[in-house]
Every structure is written in structure tokens, then in C-alpha cells.
Amino acid sequence: MTRPRVALVHDWLTGMRGGERCLEVLCELFPSAPLFTLLHVPGSVSPIIEDRPIVTSFVQRLPDAARRYRSYLPLFPAAVRRFDLRGYDLVISLSHCVAKGVRVPAGALHLSYCFTPMRYVWDLYDDYFGRDAGFGVRVLMPPVAAALRRWDRRTGSVHHFIAISRHIADRIRRVYGRVSDVIHPPVDVGRFHVGVPQDFYLVVSALAPYKRVDLAVAAATRLGRRLLVVGTGPEEGKLRRLAGPTVEFLGWRPDAEVAALYARCRAVLFTALEDFGIVPLEAAAAGRPTVAFGRGGVLDTMTPLPGMTPGDGGAEPPTAVFYEAQTVEALGAAIERFETADGAGRFAPAALRARAERFDRPRFAQRVREYVERRWRERGRTERAAC
């Protein structure tokens, strides 16, 4: 078969987060593919992404879109549907919002790498539009969200879904009624090094309500443990008021400094229910374990201390201590269990790094390339059988 003409579709380009790390690999795999996106803030993503044709939607031209683009959420479906992808044989969307809803030309193959169904109107609706939102938003958003949910369920243009974790595969099944394959996002192991741990815990997170950083701050304050918090967000003022003298807020830090903090921390505290969660793998790449809320994507990436639930730990070396409830008490008890296990030498830096290497960037690239090639070959066989 001839090589396909490929188009990439991504929700928006406003910074280098986990989704953009995945997109970067797709850009390397398909260097000549143009990128269609609702909004592009020039200079906000890596040169690998920037150095290609980028086609934006009318959202780009809306007032103050670079800062307030989420305010235009009701317009996103119309914006993504207006992209003209005629002439492309293979469309790969990377979607946590509307990218998977792009119109695909007749006969083209559409593969959607799904970070989650539209989080703003499903699992995290209350975080974005609940009691902390303005009165007007709380009044107007319910019918808008209902309409967006109806639109989001329309997945007919997607031939195959790829989920970032088993947790998201289950959500795709519940929301869309679709089966999906799983390819985990990458961690760039080469960015991290193993160091000598010091006596502090570390949080690396956006300071948003659903991240539950308040649990880490409260537990560290109650136990008198030193905690460094890397990240910014709307919860920062509230968290500072909650914090005792052992908690320090570092704000945003460049990648190299964050890598050094990983290498020196005693353990990372991971308090959110995450779709995947790259932070525990980054910690493991630096040879450090994680104390984690044992739900969501972390079940795919971490091996819990044996005898703990959820998860049984099995025969593999442990990389984390899980706790079962998002409470200060449960997290505090897990920290104390970790300290006992760590004192007994249960967490080997070499084993932790080996765990992270299973998710390394080259392996992600290989899995994606092999998956796309397989689906393209299957399409060719189907076309020949139909002739």
C-alpha cells in the first residue's frame, strides 16, 4: 500500500504538559504532517511541534483567547468541525476535549489517542462549574453542559480509540460505549538521575481543587514532616493558609530543577485521582518511590508494597505505598507505613528506575508506530476484500 497522507489534530497548544509530550512524539513519527488545533500560543510548545504547518480555528481570533480560551468551551465543537481535512488518508487526533470530533474525509482512517472523554462536562464538571464558579456560570452552564455531553457521545468519525490507561479505557466504555486499546503515555527517563535522598517529601502538581494537594499539606503539617510543593494554581492561597511551618511552596520551577528535587526527595506524595499520572513515573526515574492514592492510572504504572490494597504487589519490587481513601488520616497513615518500609530498605532505586524505563519515550514511540502501521494494514486488507 502507498504511504498515507497524515494529519494530526490536537485540542490546543498553550504549554508543554503531558498531552503535548505525547504530541511531540507523534510529530517526530510524522514529520511532514500538518497540525490542526483550536488555538496556538506561539512559543508555548517545543520546537518539534512548532516547526510544522499549524492550522488554527476561529477561536484563535476571539478576544483574549490566549488567556481565556476555556471560556469559549461551548464554541469548541463548531470550531473543530470546521477544519478541512480533505486529501488526508490518516487522521490521528489527540483529545481530552473536542479533537476527536473532527470531520474525517470519506475513506480516511481516524485513530483517536484519548486522554479522557471531555473532562469539563463529565467527571470534573463540579470542579470547573460547581459552587466556586460565578453565579452566572452556575445558572447557564447546566444546559450547555448537557448539550456538550450529547455532542461528545457522537464518536462515529473515530474508527479506533486508544486510551492512555485502563482507567480511561473503562471511562471510554462507559461514556462512549466503545472498546479501546491502551498505550500508556511516555516518561522521558533521560531527564532524570538518581541522587541521595534527603529528609523532605515532594508534591509536583497544578494547585487545582481536584488535585487534592490540601491532603498532602494537611498531613505533612499534622505529622511535622517537611514538604516542598512545586506548582501554581487557583488553590495556592487556600493551601498556604492551611500549611504549617514545615511546608514550603516553591511555585513554578524549570524542568532541570524539578528533576533535581525528585532525586533528593524522600518520596513523592501523589494525592489525585488521575487519568494516568506522570509524576510517579518521573519520581521512579529518579529512583524515588511514591505515596499515592491507589485509584486511577497509578494502578497501571506503580507496584504497591505487598500486602496492601488496592493491588497486591505481586512478585515485582515495590515502587509505591497506596492508600484507599482521600482523607488526611489515610494519607498520614500511608506516610508512616512508607517510612517503616523505607527504613527496612524495601525501595531499591535501581528497581524504581527500571520500572520507569518500561514507559520510556522510545518505547512509546515504538508502540505508537507499530499500532498505526497495524491499523493501516488492516484498513488496506479491508479495502481489498471489498473490491
Side-chain angles (χ1 to χ4, degrees), residues 9-15 17-20 36-41 44 55-85 91 93-104 110 112-158 161 163-164 167-168 170-178 180 206-212 233-235 272-275 296:
V9 186
H10 193 71
D11 287 307
W12 49 74
L13 302 174
T14 60
R17 305 174 187 88
E20 288 70 38
F36 294 79
T37 187
L38 298 181
L39 172 78
H40 173 215
V41 177
S44 65
V55 181
T56 59
S57 74
F58 66 77
V59 174
Q60 183 83 26
R61 300 185 294 276
L62 295 176
D64 202 18
R67 288 194 311 112
R68 299 180 59 248
Y69 58 93
R70 287 188 179 90
S71 301
Y72 298 116
L73 175 63
L75 302 178
F76 288 178
V80 79
R81 299 284 285 178
R82 290 180 66 174
F83 286 135
D84 184 0
L85 300 184
V91 176
S93 62
L94 298 90
S95 183
H96 75 273
C97 191
V98 296
K100 60 118 181 111
V102 70
R103 289 183 187 271
V104 177
H110 180 189
S112 184
Y113 189 64
C114 185
F115 301 105
T116 178
M118 193 190 296
R119 58 168 53 101
Y120 307 99
V121 296
W122 295 106
D123 297 65
L124 296 182
Y125 176 85
D126 288 338
D127 290 297
Y128 287 96
F129 307 114
R131 62 184 181 182
D132 291 335
F135 175 75
V137 171
R138 296 199 308 273
V139 170
L140 296 174
M141 197 60 202
V144 173
L148 288 171
R149 283 191 287 269
R150 288 193 298 271
W151 182 88
D152 194 41
R153 286 196 183 100
R154 299 172 190 161
T155 63
S157 76
V158 178
F161 275 103
I164 63 170
H167 178 65
I168 292 304
D170 182 64
R171 189 180 295 167
I172 290 170
R173 178 188 57 77
R174 288 186 287 109
V175 173
Y176 298 153
R178 297 285 298 272
S180 55
L207 305 184
Y210 79 96
K211 296 291 190 178
R212 297 309 312 270
E235 290 280 282
L273 171 58
E274 290 283 12
D275 303 331

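Quick note: residue numbers are just sequence positions, from 1.
- No side-chain heavy atom of F115 sits under 4.5 Å from any side-chain heavy atom of I168.
- Residues K100 and D152 approach most closely at NZ-O, 2.8 Å, considering heavy atoms.
- Two residues are said to be in side-chain contact when any heavy atoms from C-beta on lie closer than 4.5 Å; Y72 and F58 fail this criterion.
- Within 6.0 Å of atom CZ in R82, 12 or fewer heavy atoms from other residues, nucleotides or ligands are found, so the atom counts as exposed in its surroundings.
- A heavy-atom distance below 4.5 Å is found between the side chains of L273 and H167.
- Ionic pairing of R173 and D170 is present here: one or more N-O contacts between side-chain nitrogen and carboxylate oxygen are shorter than 4.0 angstrom.
- The closest donor-acceptor contact from the side chain of E20 to the backbone of L13 lies at 3.5 Å or more, if one exists at all.
- Across L38 and S57, no two heavy atoms sit closer than the pair O-OG, 2.8 Å.
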Go through H110 and V102 one step at a time and tell me if the side-chain contact (heavy atoms from CB on, under 4.5 Å) criterion holds.
-> CA-CA 9 Å; H110 180 189; V102 70; 4.1 Å; yes

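- Under 3.5 Å, the side chains of S112 and S93 contain a donor-acceptor pair of N or O atoms.
- A side-chain N or O of T116 and one of R171 form a donor-acceptor pair less than 3.5 Å apart.
- Minimum interatomic distance between C97 and D11 (heavy atoms only, all atoms of both residues): N-OD2, 3.0 Å.
- Smallest separation of non-hydrogen atoms from V59 and A79: CG2-CB, 3.8 Å.
- Side-chain atoms of Y69 never come within 3.5 Å of backbone atoms of L62 as a donor-acceptor pair (strictly under, hydrogens ignored).
- Taking R154 as the reference, nothing meets the side chain to side chain donor-acceptor pair (under 3.5 Å) condition, with sequence neighbours excluded.
- The only option from I172, D275, T155 that meets the side-chain contact (heavy atoms from CB on, under 4.5 Å) definition with P117 turns out to be I172.
- Of the possible donor and acceptor atoms, none in the side chain of R178 sits under 3.5 Å from a partner among the backbone N and O of F161.
- The minimum heavy-atom distance linking V104 with S157 is given by the pair CG2-O, 4.0 Å.
- The minimum heavy-atom distance linking W151 with P77 is given by the pair CE2-CB, 3.4 Å.
- The ring of W12 has its center closer than 6.0 angstrom to the ring center of F76.
- A side-chain donor-acceptor contact under 3.5 Å links R103 to the backbone of R81.
- Summarising the geometry, atom OG1 belonging to T37 is positioned 8.5 Å from atom CD belonging to Q60; distances are rounded to the nearest 0.5 Å.
- Not a single side chain to side chain donor-acceptor pair (under 3.5 Å) links S180 to another residue, sequence neighbours left out.
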